[in-house]
Amino acid sequence: MAASGKEVKSLDLAARTIDLTTALLKATASTGSLVKGAWEIGQWLGREKLNQYELLDCMERATGLVYANKNGQELFDEIIRGLDTQPVGPLFLKQSGSLGRLMAGDPNLSWVVSTVACLFQHHRNENLVTDTLTSLIMKCHRSRQQESLPVQDTGVYNFEQTRVRAVVKKIVLSVWFNVVNTGCDTIPLPQELQSVCSRGHYLEPDDFGIVANIITSHCPSEAIIKTTHLLRDVILWLLLHYDGTIVVTVSGHITYKVELGNQRRQIEVRVKSACPEDGSCSSTGGESYEIHRHISGNFEEFFTGHSISGFTDVPPRPGIRQKLYDIPRPYPSDSKIRRKGIQVRLRQTALSIMKWMLDVPLHPQVGFSSPGFSAQPGKQQTAEEPITISHVLKRTPAMINLEWGTFPAFQTVFLNTSPEVLGFSTGDPSTTATYLETWGIERQVALILNYFPILEDMLTSVSVECLCAECSESDRRRVAGQNPQKSRLCPKPGCLKRLALEEILLLLAHGVADGFGVRDASSISDVSPIVRGMATLLIQLIHEKRIYWDTWFMVASCVYLGCPFQQPVQDTHPAFGGTSFAAIQYGNLATVAPWLDLTKEITIQGCFGLIGSRGRLGVITRSNDQHAQFRSVEENLAIIETENTEDTTSFCSRYKKAASLIDHRSKMNIDESPVESDVILYQTDDIFYRLLLRIKTQSHWRIVDPSDALNGVIRILPSTSCQHDLGTPEAPEIEPLSAMVYTMDEVLGRWPDMIQSYSTSKSEDTNRKTGVFHLTSILDTHLKKNVALALSVCPTAVPNCPDSACMTCTLNYAKQAKREPLRDGESGNLANRYIINLLPRLAEQDVTVQHRFLEGPKTPAAE
């Protein structure tokens with residue numbers, strides 16, 4: 001494993017510090033890092049569908065225009081070394097090959113990355129960031145060509161700028177995906193400067209380009225910038241790129257001073273006055289600024305400008321990673337949805353629903369085979385059924401402990417009804433699955449409202465403040481003394497109720513991500529994928545009464561990565577056939593299922609979690625001992641699914657294993673044989689990949705589905721201990737029984753050692769007297785244990801520790817054990833019993849919790 005990690009690192013060293021422009025020009029005649037850089041650029045051009053000459057033209061214009069200072073260099077160092085080098089299970093990580101990340105290693109172009117990261121500190125709108133960077137490049141390039149002084153280009157069409165802008169937008173998005181969204185941030189604006197104005201003031205793109213160009217190209221010694229308000233974007237950009245001393249004064253008082261290099265250069269930013277602490281300042285008249293430069297001992301006015309601000313209606317939102325539960329609100333600052341009373345009500349509603357969700361009892365999946373649980377929403381947790389959603393999450397969501405307040409106890413959160421609004425029975429999950437695929441968010445929310453009276457009550461209270469036609473009609477009927485009937489239809493876009501509903505679903509999605517172990521959230525520009533994903537999760541929980549790993553993992557990944565929501569594809573899709581989602585790549589950030597690593601222990605407690613990593617997922621492929629190649633997934637968006645376990649029916653039917661007799665005197669040997677694993681990764685669609693986990697022993701190489709290891713843990717029966725008098729020196733005698741004892745090599749090649757038949761009914765082979773015991777040798781590693789669990793997920797299997805139970809008690813317990821097959825046709829003879837013998841350290845588990853969990857509901861749900 002360590003050697004493979006070094007190989008990944010060596011594969012990544014080539015593109016650390018290169019001249020990208022030279023690499024693009026001389027790729028065919030160069031080797032080493034230049035060829036590596038050109039190859040990465042070529043890959044990026046192909047993905048973005050750009051012409052190399054357009055990219056070259058843009059890069060030549062931007063080369064050497066600005067250079068970052070020591071603050072900017074810290075960002076570049078973090079980008080270059082910001083890789084999680086530890087493998088995540090069978091997957092490895094490599095730095096992204098996107099242009100946005102490669103530019104950080106080019107001394108002449110790295111300023112583009114720091115400028116984009118600086119602008120995203122204040123704005124999530126990539127179009128605004130694109131316009132700002134394009135304006136700066138064009139104005140600085142004209143100054144380098146000794147053209148006339150900068151003028152505002154508003155309203156003037158420039159075909160060169162239009163061509164450059166198309167390339168710049170691709171670069172901006174690449175920087176966001178592969179740098180900003182991964183958590184590589186610039187230094188924040190110092191607190192002394194943030195306190196000058198809590199709201200923030202910014203320049204329009206054209207004005208920002210003018211100011212930055214003048215300071216860079218026309219102020220070699222000292223300069224003064226006079227502004228009415230503190231311009232956050234300009235100040236932060238100077239802190240990253242100005243080579244000299246920066247002094248900020250507010251009403252004549254020195255608020256901030258820092259030395260960043262050349263002592264002969266100094267810029268003073270004079271702010272007229274601080275803004276009111278309540279943020280009531282206004283820039284309706286625009287942001288005025290004056291630039292004075294030092295010439296022959298005097299400061300002379302060089303340029304005066306007036307920026308017509310476009311940020312007055314909708315406050316700007318940062319594009320960097322955000323704290324959990326910091327919900328984006330893309331609506332005006334004076335919107336009623338921002339009122340404190342409504343916000344308190346929304347958070348209380350979300351908190352009540354989340355507390356209810358965490359207490360939903362669970363039991364092993366019934367009626368479906370993908371990883372997950374069957375749920376009993378509406379049933380109170382009892383001592384006999386201790387497993388709830390809170391147990392399977394990696395951690396308890398922090399929102400439970402936030403002081404948001406709660407509703408009175410008499411407030412009904414969930415109502416276990418059976419609505420007929422969809423035109424099909426509640427117990428028809430296949431129809432519901434079709435509904436989730438074909439219906440929009442409006443009908444999904446309409447179904448959810450039937451189950452949550454607390455949501456209906458919240459929408460009713462919010463509708464009083466709404467001025468849309470539907471809410472106004474309801475208010476008119478209320479004033480007229482008529483009792484308007486509660487509408488269970490999803491509010492239309494633009495309605496205050498719709499905004500409130502989306503905020504609640506976003507808060508719940510953040511709670512799910514928090515439960516998966518996510519620490520922060522991506523700054524998304526479109527909330528609709530997360531809203532749709534959370535609505536799907538709730539419908540599956542309350543209507544289908546199921547918890548699917550794929551849906552919960554995807555919702556948590558959407559919050560963490562900012563990726564679109566995706567459900568498993570239908571059987572008509574070319575990528576159909578994967579068993580479950582194992583990893584998701586989005587830009588230079590990825591999430592991986594922890595159960596993918598079979599070398600570690602898998603438990604029910606906390607099994608719903610994820611591992612977030614910076615880098616590009618892939619596998620190491622070797623042609624021989626001397627050469628290795630890193631095969632990675634697509635950067636923009638890639639979903640890795642697991643592959644079904646390889647069928648060994650043909651081998652088992654041709655080379656049948658003979659049964660032998662065992663009794664109370666039989667002893668199991670410890671299996672210390674070596675077991676290895678490797679992976680195969682291939683692409684099945686534009687965004688879907690298939691991961692084949694291959695387990696290797698001396699005689700067998702077999703594809704094993706790691707998601708079945710999670711299924712095996714969920715469904716495994718508890719182990720037993722001796723039930724007879726412990727003082728008895730020997731185990732009670734029993735008649736010899738027919739059994740097969742397997743080494744790990746035989747387990748991999750044969751288990752479950754039966755002929756698959758998809759016509760087997762549950763009534764067949766139920767005579768327990770005809771069954772055969774299948775026993776493993778004593779397994780000594782987690783990898784062997786997890787493989788055995790995955791291969792015995794369908795028949796009745798029990799774990800056993802020979803140190804705790806004698807052979808007599810083990811066989812008697814296994815004979816009485818019973819569980820339903822996970823998949824029809826894959827359990828073989830229902831009378832067969834499988835015993836997985838383990839060392840004591842591998843057999844540790846909470847027997848009481850496991851036993852009560854597997855008992856399931858008292859009255860099984862009709863599936």
Side-chain angles (χ1 to χ4, degrees), residues 1 87 89-90 371 582 593-604 607 642-648 651-652 657 666-679 691-720 739-754 773-805 807 810 814 832-845 850:
M1 192 71 73
W595 45 259
L596 194 59
D597 187 358
L598 297 186
T599 63
K600 297 181 179 179
E601 182 181 14
I602 303 175
T603 61
I604 294 178
C607 62
T642 50
E643 177 71 19
N644 271 303
T645 296
E646 188 175 358
D647 181 25
T648 58
F651 175 81
C652 293
K657 181 178 176 65
S666 301
K667 302 293 183 182
M668 296 294 108
N669 299 320
I670 298 178
D671 187 297
E672 298 179 343
S673 62
V675 177
E676 298 178 354
S677 65
D678 62 6
V679 288
L691 183 71
L692 283 65
L693 178 63
R694 183 167 55 184
I695 308 298
K696 298 180 177 180
T697 58
Q698 181 178 1
S699 304
H700 299 278
W701 289 7
R702 186 178 181 184
I703 304 298
V704 176
D705 183 1
S707 70
D708 266 349
L710 176 59
N711 278 329
V713 170
I714 293 173
R715 292 171 46 80
I716 192 66
L717 296 168
S719 58
T720 188
M740 298 181 186
V741 180
Y742 299 78
T743 63
M744 187 61 208
D745 183 46
E746 292 176 314
V747 169
L748 180 65
R750 292 182 172 277
W751 270 34
D753 208 352
M754 57 87 184
F773 287 95
H774 300 258
L775 299 89
T776 69
S777 300
I778 301 177
L779 307 182
D780 62 341
T781 65
H782 285 295
L783 177 58
K784 294 178 182 178
K785 172 187 174 181
N786 291 328
V787 170
L789 287 175
L791 296 178
S792 57
V793 71
C794 286
T796 301
V798 296
N800 179 61
C801 177
D803 289 356
S804 301
M807 183 61 69
T810 299
N832 288 346
R833 293 296 180 265
Y834 292 74
I835 300 174
I836 303 173
N837 290 300
L838 304 169
L839 288 178
R841 61 182 177 83
L842 300 180
E844 295 176 356
Q845 61 178 334
Q850 186 79 13

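Values below: every heavy atom of this structure, side chains too, minus hydrogens, waters and symmetry copies.
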Run Leu748 and Val704 through side chain to side chain contact (heavy atoms under 4.5 Å, CB included) and show every step you take. CA-CA 9 Å; Leu748 180 65; Val704 176; 4.0 Å; yes
Assess the residue pair Ser792 and His774 against the criterion (side chain to side chain contact (heavy atoms under 4.5 Å, CB included)); give the C-alpha distance rounded to whole Å, side-chain angles, the decisive distance to 0.1 Å, and a yes or no. CA-CA 10 Å; Ser792 57; His774 300 258; over 6 Å; no
Walk me through whether Cys607 and Leu710 qualify under side chain to side chain contact (heavy atoms under 4.5 Å, CB included). CA-CA 8 Å; Cys607 62; Leu710 176 59; 3.9 Å; yes
Show your reasoning for whether side chain to side chain contact (heavy atoms under 4.5 Å, CB included) applies to Val747 and Thr697. CA-CA 10 Å; Val747 169; Thr697 58; over 6 Å; no
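Between Thr645 atom OG1 and Leu791 atom CG the span is 6.0 Å, to the nearest 0.5 Å. Taken to the nearest 0.5 Å, the CG atom of Leu717 stands 11.5 Å off from the CD1 atom of Ile835. Atom CZ in Arg702 sits 12.0 Å away from atom CG in Leu693 (nearest 0.5 Å). If you take SG on Cys801 and CG on Leu838, they are separated by 7.5 Å, rounding to the nearest 0.5 Å. In this structure, CE in Met740 is found 10.5 Å from CD in Glu746, a value given to the nearest 0.5 Å. One finds the CG atom of Asp671 at 10.0 Å from the CG atom of Leu839 (value rounded to the nearest 0.5 Å).
Using a 30° and 60° split on the angle between ring planes, Trp751 and Tyr834 fall in the perpendicular class, above 60°.
The backbone N or O of Leu692 lies less than 3.5 Å from no partner atom in the side chain of Glu643, so there is not a single donor-acceptor pair. A donor-acceptor pair under 3.5 Å links the side-chain atoms of Arg715 to the main chain of Val793, judged by distance alone. With Thr776 contributing its side chain and Asn837 its backbone, the two residues share a donor-acceptor pair below 3.5 Å.
Residues satisfying the side chain to side chain donor-acceptor pair (under 3.5 Å) test with Asp678, not counting sequence neighbours, are Arg694, Lys696.
Judged purely by distance below 3.5 Å, without hydrogens or angles, the side chains of Asn644 and Asp705 never pair a donor atom with an acceptor atom. Side-chain contact, Thr743 with Asp745: no donor N or O sits under 3.5 Å from an acceptor N or O. In this model, no donor atom of one side chain and acceptor atom of the other lie less than 3.5 Å apart for Ser719 and Asn800. Checked by atom type, the side-chain pair Ser777/Asn669 shows no donor-acceptor distance below 3.5 Å.
Applying the ring pair (Phe, Tyr, Trp, His ring centres under 6.0 Å) rule to pairs touching residues 697-720 yields Phe651-His700, sequence neighbours excluded.
Residues Ile778 and Pro802 share a closest heavy-atom pair of CD1-CG, 3.7 Å. Closest heavy-atom contact between Val675 and Lys784: CG2-CE, 3.6 Å. Residue Pro706 comes nearest to Thr642 through the heavy atom pair CG-CG2, 3.6 Å, listed as atom of the first residue, atom of the second, then distance. Contact between Arg750 and Cys652 at its shortest, heavy atoms only, is O-SG, 3.5 Å.
Annotation: side chain of His782 is in contact with side chain of Glu601 (closest heavy-atom distance under 4.5 Å). For the pair Leu789/Ile836, a side-chain contact is recorded, criterion being any heavy-atom separation below 4.5 Å from C-beta on. At least one side-chain heavy atom of Met668 sits under 4.5 Å from a side-chain heavy atom of Val741.
Other residues, nucleotides and ligands contribute at most 12 non-hydrogen atoms within 6.0 Å of the CD atom of Gln698.
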